[in-house]
Number of protein chains: 2
Amino acid sequence: MSGRKARRPAAVRPPATRRARAERVEEILDAARALFCEKGYAQTAVSEIAARVGVVEGLVFKYFPSKRALLLEVLVHWYDTLFDDCSRELATLATPTERLRRVIERHLGAIAANPLLCRLMFLEVRSEHDYHGSALHARNRRYTELLVGVLAQGISDGSFRSDLPLPLLRDLVYGGIEHLSWNYLCGRGALDVDSLATQLVSLVLDGLRVPAAAPPATRRATRRPTTVVADSGVPRR
Amino acid sequence: MSGRKARRPAAVRPPATRRARAERVEEILDAARALFCEKGYAQTAVSEIAARVGVVEGLVFKYFPSKRALLLEVLVHWYDTLFDDCSRELATLATPTERLRRVIERHLGAIAANPLLCRLMFLEVRSEHDYHGSALHARNRRYTELLVGVLAQGISDGSFRSDLPLPLLRDLVYGGIEHLSWNYLCGRGALDVDSLATQLVSLVLDGLRVPAAAPPATRRATRRPTTVVADSGVPRR
DNA sequence: AGCTTAAGTGAGTCCGCCTCACTTTTGTGC
DNA sequence: GCACAAAAGTGAGGCGGACTCACTTAAGCT
C-alpha cells in the first residue's frame with residue numbers, strides 16, 4: 001500500500017491544494033481570460049480552464065453558474081480598470097477639445113493594448129440576450145458615458161454644436177473605432193493610435209465645432225444657398 | 001404487409017418526397033434563414049432545420065459541409081439582393097451629396113427591413129476566422145465599396161475634402177450605423193431611418209465639405225457655423 | 001427491365017456544458 | 001485534543017448537438 005501511494009502514477013492528477021474561495025475564483029478568472037484570449041471563447045472548453053488551474057471541471061461550476069458567466073466576469077474586471085484609467089486622465093484636462101481627443105486616443109489605446117479582450121467584448125458578448133442589463137452592460141455604459149460627458153460639456157460651453165443627439169455622436173465614435181480596428185483585432189495589420197486619433201478628431205470636430213470667429217449677426221441669416229439640408233438629403237422619395 | 005404500410009404509424013416520419021439537389025438546397029436555405037432569424041444561430045439545431053424541411057438531419061450535411069457554412073450561404077444570398085438594389089438606385093443619382101445620402105439611407109433601410117439578418121451578420125459571422133476571405137466577405141466588401149466609390153467621386157470633383165483616408169470614412173459610417181441600430185437590432189426601440197440619415201449626413205458632410213466660395217487660404221477657418229438641421233424637427237432626445 | 005446515380009435514411013460517434021452524490025480538508029467550539 | 005459543521009474538491013455520468021457513414025431506395029437512362 002505504501003508503495004502504491006508513494007509513486008503516484010503519472011496519469012492520475014493529485015488533488016488540488018485547497019484554496020479559499022476568493023483565491024480560487026481569482027485563479028479561475030485568470031486562466032479563463034488567458035485561454036479565451038488565446039483560443040477564443042467557443043474554442044475553449046471549461047475542462048481546459050480547470051486543467052490550467054489544476055482542479056477538476058466540476059469545481060468551476062461551483063463558482064460560476066455557467067461558462068458564459070465566467071466570460072462576462074472576466075470582462076467586468078477589465079472594464080473596471082479601463083474606466084478608472086480613463087477617468088483619471090480626463091480629470092487632468094480642461095477644454096472639451098483636449099478631452100475629446102484624449103477619450104478617443106485612450107479608447108484606441110485600449111484596443112491596441114488588449115486586442116484579444118476587445119475581440120471577446122465585440123464579438124462574443126453583445127450577441128446574446130443576457131448582456132442587456134447585466135453588470136457588464138452597466139460597466140460598458142459607465143465607460144462610454146465618459147465621452148458623452150465630454151461632448152455635453154463642449155455643447156454647454158459653446159464649443160460644439162448642439163443640434164445633434166448625443167447618442168448619435170457616441171455611437172458614431174465608438175462604432176467607427178470598432179470598425180476601424182477590425183483588421184487589427186483579427187490579427188491583421190497594425191493600429192496607428194496616434195494618427196487615427198488625429199484623423200478621427202478632425203472629422204468629428206469639423207462636424208461639431210462652432211467656429212468662434214463667425215459674427216453672430218450673420219449666423220443664420222446669411223446661410224449659404226448651398227442648401228445644406230435640402231441637398232444633403234431631405235428625403236425625396 | 002399492405003396493412004402495416006397503409007396505416008403508417010404517426011410517430012414514424014414518411015420518407016421525404018424526392019427533390020433535385022438545387023431545390024433541396026433552396027429549401028434548406030429558406031428554412032435555415034427563417035430559424036436563424038427566429039431563434040438565433042446558436043439556438044437553432046440542425047435537426048430543427050431538417051425537420052422543417054421534412055428530411056433527416058444527415059441530409060443537410062450532404063449539401064452543406066457544416067452548420068456554419070449554411071449560415072454564410074444564407075447571408076451571401078441576402079447580400080446579393082442588397083447590392084443589386086443599392087447600386088441600381090445609385091445609378092439614378094448624380095451628385096456625390098445625393099448619392100451619399102442615398103447610400104446611408106439605404107443601409108439604414110436594410111437594417112430596418114431585416115434586423116434579424118443584420119443581427120446574424122453583425123454578431124455571429126464576423127467573429128470567426130473563416131469569415132476573412134470567404135465568399136460572404138467578398139460580398140460585404142463589394143457592398144461597402146459603393147460608399148467608397150461615392151466618396152471618391154466627391155473627392156475627385158472637389159465636393160469633399162481629400163485629406164482623410166477613405167477607409168476611415170467608410171468605417172466611421174458603417175460602424176456608426178451599426179452601433180446606432182444596436183438597440184433596434186436587439187428588439188428594443190425603433191429605427192427612424194429618415195431622421196437618422198439626415199443627422200448622419202449632416203455630421204459627415206460638415207466634416208467633409210470643402211466650401212466652394214471660400215478663398216483657399218482661409219478655407220476652413222471661415223466656415224460658417226451653420227446649425228444645419230437645428231430646426232428641422234430632429235429628435236433632440 | 002436492368003443499371004447507374006444520386007437522394008435519403010438512421011443509427012451511431014464524439015465532444016462539451018453542466019449536475020450531483022459523495023469524499024476530504026479546514027477551522028471552530030468544547 | 002477532538003467531534004463536528006461547513007466548505008473545497010472529486011469524478012462519473014446525463015444530455016444535447018454537430019457531424020459521419022454504411023446502407024437503402026427512388027429516378028432517369030439505355
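The chains referred to below are lettered A, B, ... by the order of the sequence lines, with proteins before strands, and numbering in each begins at 1.
In this entry the distance linking CZ of A:F61 with P of D:dG13 reads 18 Å, nearest Å. B:L70 places its CG atom 15 Å from the C1' atom of D:dG17, with the value rounded to the nearest Å. A straight line from CG of A:L59 to P of D:dA7 spans 14 Å, rounded to a whole angstrom. Here the C1' atom of nucleotide D:dT10 and the CZ atom of A:R19 are 17 Å apart, to the nearest Å. Rounding to whole angstrom units, CD of residue A:Q43 and C1' of C:dC15 are separated by 14 Å. The interatomic distance linking A:F64 (CZ) with D:dG9 (P) rounds to 13 Å, in whole Å. At whole-Å resolution of the value, CZ in A:R21 and P in C:dT26 are 18 Å apart.
Across C:dC18, C:dG8, D:dA8, the shortest atom-to-atom separation from the side chain of A:K67 is found for C:dC18. Picking from C:dT9, D:dG17, C:dA6 the nucleotide with the shortest atom distance to the side chain of B:A45 gives D:dG17.
Counting non-hydrogen atoms under 4.0 angstrom, B:Y63 reaches the backbone sugars and phosphates but no base. Residue B:V55 is classed as a sugar-phosphate contact, given heavy-atom separations below 4.0 Å to backbone atoms only.
Ring pair A:Y174/B:H179: centre-to-centre distance not below 6.0 Å.
Side chain to side chain, A:T92 and A:R102 fail the donor-acceptor criterion of an N or O pair below 3.5 Å.
At a threshold of 4.0 Å, the pair B:R52-B:E27 does not count as salt-bridged, since none of the basic side-chain nitrogens sits closer than that to a carboxylate oxygen.
With the nearest nucleotide of DNA chain C identified for both A:K62 and A:T44, A:T44 has the one nearer the 5' end.
For A:R18 against D:dA7, a side-chain N or O and a base N or O form a donor-acceptor pair under 3.5 Å. Side-chain atoms of A:E57 and base atoms of C:dC18 include a donor and an acceptor less than 3.5 Å apart.
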Going through the distances and angles, do B:F83 and B:Y143 end up as a ring-ring contact (aromatic ring centres under 6.0 Å, His included)? CA-CA 6 Å; B:F83 176 81; B:Y143 174 70; 7.4 Å; no
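Taking only side-chain nitrogens and oxygens, B:R24 comes nearer than 4.0 Å to OP1 or OP2 of C:dG8.
The nearest pair of heavy atoms linking B:C118 to B:A110 is SG-O, 4.2 Å.
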